[in-house]
Each structure stands twice: as C-alpha cells, then as structure tokens.
S.K.: 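Mind looking over this structure? Questions follow.
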Amino acid sequence: MLLQVKDVYKSYSKIGLTKGKDKLNVLQGISFSVKKGDCVGLIGESGSGKSTLSRLILGLEKANSGSITIEGQPVKKWIKENQGQMSVVFQDYTSSANPRFTIKEVIAEPLIALGKNDKTQEKVKELLDRVGLSASLMDRYPHELSGGQLQRVCIARAISTRPRFMVLDEAISSLDVSIQAQILELLRDLKRDLDMTYLFIAHDLQAVASLCDEVLFLYKGKIVESISSNNLANAKNEYAQKLLNSVISFSV
Ligand SMILES: Nc1ncnc2c1ncn2[C@@H]1O[C@H](COP(=O)(O)OP(=O)(O)OP(=O)(O)O)[C@@H](O)[C@H]1O
Ligand SMILES: [Mg+2]
C-alpha cells in the first residue's frame, strides 16, 4: 500500500473564539488507502474538507488524531527520506508560480532545491515537451501564459523530480472544459509512462470518474461512499446518488 489513512480527525477553532472550546470538526474519522499505481479520486462539495485532507497527507498540517502513513512510514518521516518523491498541483496556478521567475526557473525550482543543478536547460526542455508546451516558453514569465499553459507548467514542475506519488487538489477545476480534457489526457499519459500514483481531488464527478480507478465521496467530513469508478451506478449513499443523478441529467 502506498498511502494509508486511518481514522483521521481534524478540527479547527472557530474564528473569533479564543478559548477554542467550540470547534469546527472538518474531518471526522477518515480511513482509506491508495495502492501503488492506482488513481483514487476524492470528490465532495466545497467546504467538505478535501483540501484539509490533502494538506495532512502532504505533511503541511497535523491531524488531531488518527494516522497517515506512506509505505508504512509516518508522512513527515517518509517525506524527509524520499525528497522529491511526492508532489502536489493546486487549483490556483497563478499563485503557484512565482511571478518574478521565468518559466524555466519555475519548472526547475524543485530540482535546484534538491541540489540538482546540472543540465537544467535540457531537463526543462524535456519537461515542457512532456506536458505539450513549446521550449520557446522557457524565458517567458507566468503572466505571459494562458491559464491552461500555466497549469501545464505547474504539472511540469510537479513531475520534475520524478515523483512516485502526486496529489492533485482541484488541479483542473478553474480551466475551460476543453483544456480540462487535454490536461486529463496528459495526466493519463503521465500515469502510464511514469508509473505514478495519484490522489485526484475535484468536485467534478465526470473528470474524477474518467481518470480514477476508485472514487471516494466526502460529505461533511466523512467518507460516505467508496466505490470503483466502473461501478458508480451502484452507489448506495444518498449524497453519492444525488451527485450521480445531477451528472446524468446534465449529459442527456
Ligand atoms: N486553517 C483553517 N482554519 C480554520 N478553518 C479552516 C482552515 N482551513 C479550512 N478551514 C475550514 O474547514 C472547512 C473545510 O475546508 P477545505 O478547504 O478543506 O474544504 P474543500 O473541500 O477543499 O473546499 P473547496 O472545494 O471549496 O476547495 C471549511 O469550513 C473551512 O472554512
Ligand atoms: Mg479545496
């Protein structure tokens, strides 16, 4: 098992309350696992706790209780010993890329951070090619690119260190539908060619179902349904069914 999340609870103090007695219980007993080479989708409405869960998995925040392990090790320990092996792509690609950096610097940043300073030019060229972008963009600045191009740059950066595990938190949500389809295709190719494992977070069920092997439905801090994506029609949970029905009526 690559990722194992066991009975995770996370709460925040409600804003304005200094005593911290009244808590906002964001995650309430989350358990699931992701096998090596699989793509697991996490779907849920805004505020259901998706990004909170991804921050815990990335070691950016700590759970109140429960455990998160990667290859059997606690997240922080694993990250320390496996630098560059896990990466993340966020929804907000505009703030993900330093505006003062050229595209080349944006993409090479994680490599440089790992002390890999050799052949940067060639590596960046290869990565741009990998995500379907022209090498001529290398010396441009983020504001000179379109949203879809910049999100590809963020993906190129995320794969620069050859990670084995990628967390994509609403990585395509703010793009046009046609660009979304292209990026999904790219993610599918990368998964196949680089043998990657994904946790794909989104609120678009169709995108999740098209990329992922399994779909987890997060509702009010709990996973209410966990189902293989080719068996979605048999979802039993009411919230999962509601989402499924809305997609079906949409596509008719
Ligand atoms: N640092 C924080 N302090 C206090 N409350 C927080 C914090 N981070 C998140 N929350 C609250 O936790 C809840 C879940 O937020 P989260 O960002 O995980 O939701 P989400 O499912 O990612 O939503 P979206 O689809 O809009 O991205 C929200 O009510 C949010 O206000
Ligand atoms: Mg979020």
Side-chain angles (χ1 to χ4, degrees), residues 3 5-32 34 39-68 75-76 86-97 147 150-151 154-155 158 165-177 179-180 183-184 187 198-212 214-227 229 235 237-244 246-247 250:
L3 171 72
V5 178
K6 269 192 204 154
D7 210 23
V8 162
Y9 284 78
K10 176 74 182 171
S11 60
Y12 294 109
S13 310
K14 279 195 180 160
I15 295 155
L17 288 173
T18 42
K19 290 216 168 122
K21 264 192 178 167
D22 201 1
K23 295 263 164 107
L24 180 67
N25 297 311
V26 181
L27 301 175
Q28 305 178 61
I30 301 285
S31 298
F32 69 95
V34 181
C39 173
V40 169
L42 179 68
I43 194 156
E45 59 191 14
S46 183
S48 57
K50 302 182 298 295
S51 295
T52 302
L53 182 57
S54 73
R55 286 195 300 272
L56 298 180
I57 292 169
L58 293 161
L60 302 172
E61 279 179 36
K62 218 172 157 328
N64 296 94
S65 65
S67 74
I68 303 180
V75 169
K76 283 222 162 136
M86 171 156 72
S87 65
V88 58
V89 182
F90 291 112
Q91 168 172 17
D92 189 5
Y93 47 82
T94 47
S95 66
S96 301
L150 198 50
Q151 191 58 301
C154 290
I155 293 173
F165 180 39
M166 227 156 95
V167 176
L168 299 124
D169 187 355
E170 307 264 8
I172 60 166
S173 306
S174 47
L175 302 170
D176 286 347
V177 177
I179 310 288
Q180 282 191 9
I183 303 254
L184 278 173
L187 291 172
Y198 290 150
L199 177 64
F200 185 77
I201 299 171
H203 47 240
D204 173 2
L205 184 56
Q206 266 170 328
V208 171
S210 76
L211 183 70
C212 301
E214 194 191 349
V215 186
L216 309 172
F217 290 82
L218 185 65
Y219 186 63
K220 296 192 174 160
K222 294 183 180 154
I223 291 178
V224 293
E225 181 101 41
S226 155
I227 194 163
S229 48
N237 174 266
E238 203 182 323
Y239 168 68
Q241 281 178 350
K242 218 169 106 186
L243 265 182
L244 282 160
S246 67
V247 173
F250 215 76

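Each ligand, and each atom within it, is numbered from 1 in the order the structure gives.
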S.K.: With no hydrogens and no angle check, is any side-chain donor or acceptor of Ser31 less than 3.5 Å from a backbone partner on Asp7?
M.R.: yes

S.K.: Students should be able to answer this: which protein heavy-atom is nearest to atom 31 (O) of ligand 1, and at what distance?
M.R.: Leu24 CD2, 4.6 Å

S.K.: Please confirm whether Arg55 approaches ligand 1 to less than 4.0 Å, judged on its heavy atoms.
M.R.: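 Judged by the 4.0 Å heavy-atom criterion, Arg55 does count as contacting ligand 1.
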
S.K.: Over 60° means perpendicular and under 30° means parallel, so tell me whether Tyr239 and Phe217 are parallel, tilted or perpendicular.
M.R.: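 Tyr239 vs Phe217 ring planes: perpendicular.
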
S.K.: Report the C-alpha separation of Ile57 and Phe165 in whole Å, then their side-chain angles, then the decisive distance to 0.1 Å, and conclude whether the side chain to side chain contact (heavy atoms under 4.5 Å, CB included) test is met.
M.R.: CA-CA 11 Å; Ile57 292 169; Phe165 180 39; 4.1 Å; yes

S.K.: Report the nearest protein non-hydrogen atom to atom 25 (O) of ligand 1: residue, atom name, distance rounded to 0.1 Å.
M.R.: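 Of every protein heavy atom, Lys50 NZ, 2.7 Å lies nearest to atom 25 (O) of ligand 1.
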
S.K.: Name all residues meeting the side chain to side chain donor-acceptor pair (under 3.5 Å) criterion together with Tyr9; count only those two or more places apart in sequence or in a different chain, and write none if there are none.
M.R.: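 Applying side chain to side chain donor-acceptor pair (under 3.5 Å) to Tyr9 gives none.
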
S.K.: Should we say atom CD of Glu61 is surrounded by more than 12 heavy atoms from elsewhere, each under 6.0 Å from it?
M.R.: yes

S.K.: What protein heavy atom is closest to atom 18 (O) of ligand 1, reported as residue, atom name and distance in Å?
M.R.: Thr52 OG1, 2.6 Å

S.K.: Give a yes/no on ligand 1: does Ser48 have at least one heavy atom closer than 4.0 angstrom to it?
M.R.: yes

S.K.: So, does Gln241 use its side chain to make a donor-acceptor pair with the main chain of Ala235 at under 3.5 Å?
M.R.: yes

S.K.: Between ligand 1 and Glu170, can you find any atom pair, the residue atom being a heavy atom, that is separated by under 4.0 Å?
M.R.: yes

S.K.: Can you tell me the protein heavy atom closest to atom 26 (O) of ligand 1 and the distance?
M.R.: Ser46 OG, 2.5 Å

S.K.: Is atom 11 (C) of ligand 1 touching the protein, meaning some protein heavy atom lies under 4.0 Å away?
M.R.: yes

S.K.: Looking only at N/O atoms, are Gly44 and ligand 1 under 3.5 Å apart anywhere?
M.R.: no

S.K.: I need the nearest protein heavy-atom contact for atom 9 (C) of ligand 1: residue, atom name and distance, please.
M.R.: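 Minimum-distance protein heavy atom for atom 9 (C) of ligand 1 reads Tyr12 CE1, 3.6 Å.
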
S.K.: Below 3.5 angstrom, do we get any N/O pair linking Glu61 and ligand 1?
M.R.: no

S.K.: Got a donor-acceptor contact below 3.5 angstrom from the Tyr198 side chain to the Leu187 backbone?
M.R.: yes

S.K.: What's the shortest distance from atom 27 (O) of ligand 1 to any protein heavy atom, and which residue and atom give it?
M.R.: Ser51 OG, 3.9 Å

S.K.: Using a 3.5 Å distance criterion without hydrogens, assess whether the side chain of Glu214 forms a donor-acceptor pair with backbone atoms of Ser226.
M.R.: no

S.K.: If you have a sec, work out which protein heavy atom is nearest atom 23 (O) of ligand 1 and how many Å separate them, to one decimal?
M.R.: Gly47 N, 2.8 Å

S.K.: Taking 2.8 Å as the cut-off, does Gln91 contribute an N, O or S atom near the Mg ion (ligand 2), distance below it?
M.R.: no

S.K.: Should you measure from each heavy atom of Val26, which atoms of ligand 1 turn up under 4.0 Å away?
M.R.: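 Those qualifying, in numeric order: 12 (O), 13 (C), 14 (C).
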
S.K.: Is the backbone of Phe90 close enough, under 3.5 Å, to the side chain of Gln151 for a donor and an acceptor to pair up by distance?
M.R.: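 Looks like yes, one N/O pair under 3.5 Å.
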
S.K.: Under a 4.0 angstrom heavy-atom cut-off, which atoms of ligand 1 come close to Glu45?
M.R.: 21 (O)

S.K.: Check whether Lys50 reaches the backbone of Gly44 with its side chain - one donor and one acceptor, N or O, closer than 3.5 Å.
M.R.: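 Yes, because the side chain of Lys50 sits within donor-acceptor range (under 3.5 Å) of the backbone of Gly44.
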
